[in-house]
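Have a look at the structure below, then the notes.
Proteins get letters first, then strands, A, B, ... in listed order; numbering begins at 1 in each.
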Protein chains: 2
Amino acid sequence: MSYTLYHGDALARLRTLPDASIDAVIADEPYSSGGTSSRERISRSPRDKYQTSGTERTYPTFYGEHRDQRSFGYWCALWLAECLRIAQPGAPICVFSDWRQLPTATDALQAGGWRWQGIVPWNKPSARPHLGRFTNQCEYVIWGSNGPLGERPGIGVLPGLITVPVVARDKFHLTGKPIAVMEQLVRICAPGGTILDPFMGSGSTGVAALKHGYRFIGIEQSAEYIAIAQERLEDALQNP
Amino acid sequence: MSYTLYHGDALARLRTLPDASIDAVIADEPYSSGGTSSRERISRSPRDKYQTSGTERTYPTFYGEHRDQRSFGYWCALWLAECLRIAQPGAPICVFSDWRQLPTATDALQAGGWRWQGIVPWNKPSARPHLGRFTNQCEYVIWGSNGPLGERPGIGVLPGLITVPVVARDKFHLTGKPIAVMEQLVRICAPGGTILDPFMGSGSTGVAALKHGYRFIGIEQSAEYIAIAQERLEDALQNP
DNA sequence: CCTTGCGATGAATCCATAT
DNA sequence: GATATGGATTCATCGCAAG
């Protein structure tokens, strides 16, 4: 078990990594979603868009929430293609999306050269209900592979739905994912393999990876989050 | 409570229905999905595509499983646009999709003039597992509205995820949906309103609609399924 | 009436074999 | 070489029969 962190822009950093050096990719990119018009999406800060007004808990701000839907798709295709180059043949990939960006994200995954294999909804039972409407209760993990998946020894049957409530105690980033969610996702990687997260944030993917015997490579643009992630990863190594 | 059934092609029949005469649309169109290549999708029968080899249980076959992805999208946009004309302003719509056609279906919904409002996964705990992969365990309900939804009196909070196993007792069609699923979906309709299902099949939408005090209009191309649906709807009226 | 057990099923997917 | 066909596989859940 070990990890490597890179500080910098995801796309620029990915270009420096060698071919076929990674066994799985797990990415939680900024969705550039929220808001029904493209103007609403790009003019407000993440905190204004995604937090209920009056919420007291705050997080350091983060980059990349400024793209409209078309450029979000192109940008995703770019970093996804770069990830493909870095990935072993047959390597799996998991990409998060909300419902609004899901069609764009599946297009981008395939445009980047990946074979789309399916969708795993993440069910958040703690979501805020809405009168007269279906509650918006799920985010989505789009998964795929670099060519055919092939034989996958040592990996059992993986879930088709992940139900984990969002708990503030777990969150070190506004869009941080619970460790329990990431623990389900890392299992798609061949045992002992190396997992890459190009948008590491506070490092939840890495914590889950180290906990289950994978190696981890993370990229993050914000020095503030690099520091938070490093602390959490060290802690995961000391207290397995 | 009452119902009307039409025997014929959905698109042709929809064109004969009057403007703004419907309060909600619930559609479970043939997905033309399944299989890894376009050839597999369009050349194989629904039974070959969707049932495990060796399964003894059979259903009458059904129409419309022959389209490739592009024509599926165009065709959906056509019948969705016709449904929009027939629907009241603010009327909701629910359209089923599997994971593979989901991006095409959301595009078609919007191309047809509907406002896309969200996705409700239908979680099937009894899904077929696959070693080394995430289980393909959900189908998806894409929902939207004819313009803004507006005030929706008499409708409570609706679920954001529907977990109901597939039960043979409930199934009269290879792709038939459990009544419990349809009972959740019909609630999106204004109380006492008229629900249209342009691809009725064995009539599960209608059974749920009548059971909860809605009126129902169904269209179905197969005489065999019209007969099955009529029997089930009569039964629903006699034994509420 | 409750518990246990066995068999069947699923809007699949992959791959080998045949045409 | 391209296209078509068929078999093996996986397990949570349900239905029914037996205890």
Side-chain angles (χ1 to χ4, degrees), chain A residues 89-90 92 115-120 143-145 147-163 187-188, chain B residues 26-69 72 76 94-102 104-105 120-142 162-182 199-202 204-205 222 225:
Chain A
R115 181 186 290 199
W116 182 24
Q117 299 277 8
I119 300 174
V120 183
W143 76 283
S145 56
L149 263 177
E151 287 290 309
R152 321 219 63 229
I155 303 177
V157 170
L158 303 183
L161 176 79
I162 300 175
T163 297
R187 294 173 58 202
I188 193 67
Chain B
I26 298 182
D28 186 13
E29 79 285 359
Y31 299 165
S32 296
S33 190
T36 46
S37 68
S38 153
R39 167 179 32 86
E40 278 184 23
R41 276 194 288 279
I42 63 183
S43 67
R44 306 169 80 192
S45 74
R47 181 177 160 83
D48 290 340
K49 285 197 293 189
Y50 300 128
Q51 286 196 295
T52 305
S53 50
T55 303
E56 288 181 25
R57 196 177 171 90
T58 60
Y59 303 91
T61 195
F62 57 97
Y63 299 102
E65 274 284 332
H66 58 279
R67 293 180 179 87
D68 70 16
Q69 197 166 39
F72 173 78
C76 284
C94 297
V95 179
F96 277 89
S97 175
D98 71 347
W99 66 271
R100 210 183 281 278
Q101 297 288 30
L102 197 137
T104 305
V120 182
W122 167 34
N123 173 35
K124 301 178 285 186
S126 52
R128 193 169 2 207
H130 209 124
L131 262 182
R133 309 169 63 99
F134 295 107
T135 302
N136 187 352
Q137 179 169 348
C138 292
E139 286 180 52
Y140 299 90
V141 178
I142 299 155
I162 299 174
T163 297
V164 176
V166 175
V167 181
R169 170 169 36 85
D170 250 12
K171 273 182 64 158
F172 299 85
H173 188 288
L174 174 55
T175 72
K177 301 295 181 281
I179 298 291
V181 171
M182 304 318 294
F199 307 95
M200 180 179 61
S202 56
S204 299
T205 305
S222 150
Y225 281 116

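Considering only side-chain atoms of B:Val167, the nucleotide from D:dG15, D:dT10, C:dA12 that sits closest is D:dG15. The side chain of B:Arg169 has D:dG15 as its nearest neighbour among D:dT9, D:dT13, D:dG15. For B:Lys171, whose side chain is taken as the heavy atoms from C-beta onward, the closest listed nucleotide among D:dC14, D:dA8, C:dG10 is C:dG10. Taking only side-chain atoms of B:Arg100, from C-beta outward, the nucleotide of C:dT13, C:dA11, D:dG15 with the closest atom is C:dT13. Listed nucleotides: D:dC11, C:dT13, D:dT13. Nearest to the side chain of A:Val157: D:dC11.
Stacking of B:Tyr31 onto the six-membered ring of C:dA11 is present: less than 5.5 angstrom between centres, less than 30° between planes.
Note on B:Tyr59: only backbone sugar-phosphate atoms sit closer than 4.0 angstrom, heavy atoms only; bases stay farther off. Using a 4.0 Å heavy-atom cutoff across all strands shown, B:Ala127 reaches at least one base atom of the nucleic acid. Residue contacts shown for B:Asp28 include a base, since a base heavy atom lies under 4.0 Å away. Residue contacts shown for B:Glu65 include a base, since a base heavy atom lies under 4.0 Å away. B:Pro46 comes within 4.0 angstrom of nothing in the nucleic acid, heavy atoms only. Counting any heavy atom pair closer than 4.0 Å across all strands shown, B:Ser33 reaches no nucleic acid atom. Using a 4.0 Å heavy-atom criterion, one finds that B:Asn136 contacts the sugar-phosphate atoms exclusively.
Mapping B:Arg133 and B:Gln51 onto DNA chain C by nearest heavy atom places B:Gln51 at the nucleotide closer to the 5' end. Residue order along DNA chain C, read from the 5' end via each residue's closest nucleotide, puts B:Arg57 first among B:Trp99 and B:Arg57.
Applying the Watson-Crick and G-U wobble criteria (two distances, each under 3.5 Å), C:dG7 pairs with D:dC14.
Comparing the P positions of C:dA16 and D:dT10 gives a spacing of 16 Å, expressed to the nearest Å.
At C:dT9, none of the side-chain N or O atoms of B:Lys124 fall inside 4.0 Å of OP1 or OP2 (strictly under the cut-off). Using a 4.0 Å cut-off, some side-chain N or O of A:Gln117 falls inside it from OP1 or OP2 of C:dC14.
In terms of heavy-atom proximity, B:Ile179 sits nearest to B:Ser204 at CD1-O, 3.8 Å.
With B:Asp28 as reference, B:Lys177 is the one residue of B:Lys177, B:His173, B:Met200 to meet the side chain to side chain contact (heavy atoms under 4.5 Å, CB included) rule.
The base of C:dG10 does not come close enough to the side chain of B:Ser126 for any donor and acceptor atom to sit less than 3.5 Å apart.
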